[in-house]
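Indexing begins at 1, ligand by ligand and atom by atom, following the structure's order.
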Amino acid sequence: MAVASNRPAAQPAAVRRASVEPAAEMPDFNQEQELHAYRQMLLIRRFEEKAGQLYGMGLIGGFCHLYIGQEAVVIGMQMAIKAGDEVITGYRDHGHMLACGMDPKGVMAELTGRRGGYSKGKGGSMHMFSVEKGFFGGHGIVGAQVPLGTGLAFANKYRGNDNVSLTYLGDGAANQGQVYESFNMAKLWKLPVVYVIENNQYGMGTSVARASATTNLSQRGRSFDIPGEQIDGMDVRAVKAAGDRATRWCRDGNDPIEQVRSRLLKKGFASEDALKKIDAEVRTVINEAAEFATNDAEPDPAELWSNVYAE
Ligand SMILES: Cc1ncc(C[n+]2csc(CCOP(=O)(O)OP(=O)(O)O)c2C)c(N)n1
């Protein structure tokens, strides 16, 4: 698991300018990746602009929290995950739904409270799910998605698959107690979860500096020995690269055997079949040892004092 944090649009200009230059080792996107990122980010931006208009016209009831300015975070992370991985977030969630491949019509119709919406028009902005697309909401209680996302990771570990849970939270949510209970369990049970703290510098209208005793949120996992990185959330390539690192870290596992296993496969030093053969050989050796150890005769009582030092 890992904690990534970002500093999107709301950060001071000086910081933004300083961080716009990609790090020297920044892996560049190829043409296909650039076009994909462009199209997906634009999809979210235009969706949110339209939702804002409809809200202004009184066609959307209840709340409607827009994701404008943060598009690179969700698209970069989405480009780092694979089918089967799961996404869960708070209430600023339309971007995550679209990034997961949910139908814009179904999301927009939910905002306007229509039958064709993802929750049949009864849920609204903060209450949409699509298990098929790996999207688990949409949660209005600040921070509540963090234990749920940790639970998704627990289920993956329990089932023995290699899926990772991407659990998003805001800088405001990062001060919630349940976040740290989740961090503790995630580390204790070595769960495959990446916590993505989307630090847009404000918890709604309250600045991070006013609300947080420590403001480097990427280090919030440190006391649980969870590694974290601060990433420029305006650069989709930086986010994807960090997402690649974080998900690899989760999938590689922290069991020393799993680490070697995944290196062997990654470097092409061994095939799955070859490793299965080693597993079977080792299992045979161990079974034979157990068989021997349970069937061998116990020592003869007459042997009690032999090989024992006595004065
Ligand atoms: C448990 C709980 N406390 C308070 C609120 C009221 N509330 C709604 S949004 C919000 C701020 C959340 O900020 P952040 O996590 O930074 O998300 P952002 O708005 O930046 O996306 C608060 C306190 C809530 N919904 N749930």
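- Close placement of the Tyr67 and His96 rings is indicated, their centers lying within 6.0 Å of each other.
- Heavy-atom contacts of Gly170 reach the following atoms of ligand 1: 14 (P), 15 (O), 16 (O) (cutoff under 4.0 Å).
- Using cut-offs of 30° and 60° for the angle between ring planes, the Phe154 and Tyr158 rings count as parallel.
- The closest heavy-atom contact to atom 20 (O) of ligand 1, among the options Tyr91, Tyr168, Tyr67, Tyr202, comes from Tyr202.
- Note: Ile68 CD1 to His94 NE2 = 11.0 Å, rounded to the nearest 0.5 Å.
- Ser165 and Asn163 share no side-chain donor-acceptor pair at under 3.5 Å.
- Taking a 4.0 Å cut-off on heavy atoms, Gly140 registers as neighbouring ligand 1.
- Remark: minimum distance from atom 15 (O) of ligand 1 to any protein heavy atom is reached at Ala173 N, 2.9 Å.
- In this structure, the protein non-hydrogen atom closest to atom 11 (C) of ligand 1 is Met204 CG, 3.5 Å.
- Looking at Thr89, Asp93, Val142, Asn175, it is Val142 that brings a heavy atom closest to atom 2 (C) of ligand 1.
- Within the 4.0 Å heavy-atom criterion, the part of Gln176 lying near ligand 1 is the side chain and not the backbone.
- The shortest N/O to N/O separation between Gly172 and ligand 1 falls below 3.5 Å.
- Relative ring orientation between Tyr195 and Phe183 is described as tilted, the plane-to-plane angle lying within the 30° to 60° band.
- Of all the atoms in ligand 1, the ones that sit under 4.0 Å from a non-hydrogen atom of Ile141 are 1 (C), 26 (N).
- Remark: Lys240 engages Asp244 in a salt bridge, criterion side-chain N to carboxylate O under 4.0 Å.
- Which parts of ligand 1 touch Asn200 is read off a 4.0 Å heavy-atom cut-off, strictly below it: atoms 18 (P), 20 (O), 21 (O).
- Between the side chain of Glu288 and the backbone N or O of Val285, no donor-acceptor pair lies under 3.5 Å.
- Between Asp85 and Lys82, at least one side-chain nitrogen of the basic residue sits less than 4.0 Å from a carboxylate oxygen of the acidic one, meeting the salt-bridge criterion.
- With a 4.0 Å cut-off on non-hydrogen atoms, Arg92 touches ligand 1 through its side chain and not its backbone.
- Closest to atom 13 (O) of ligand 1 among all protein heavy atoms lies Gly203 CA, 3.1 Å.
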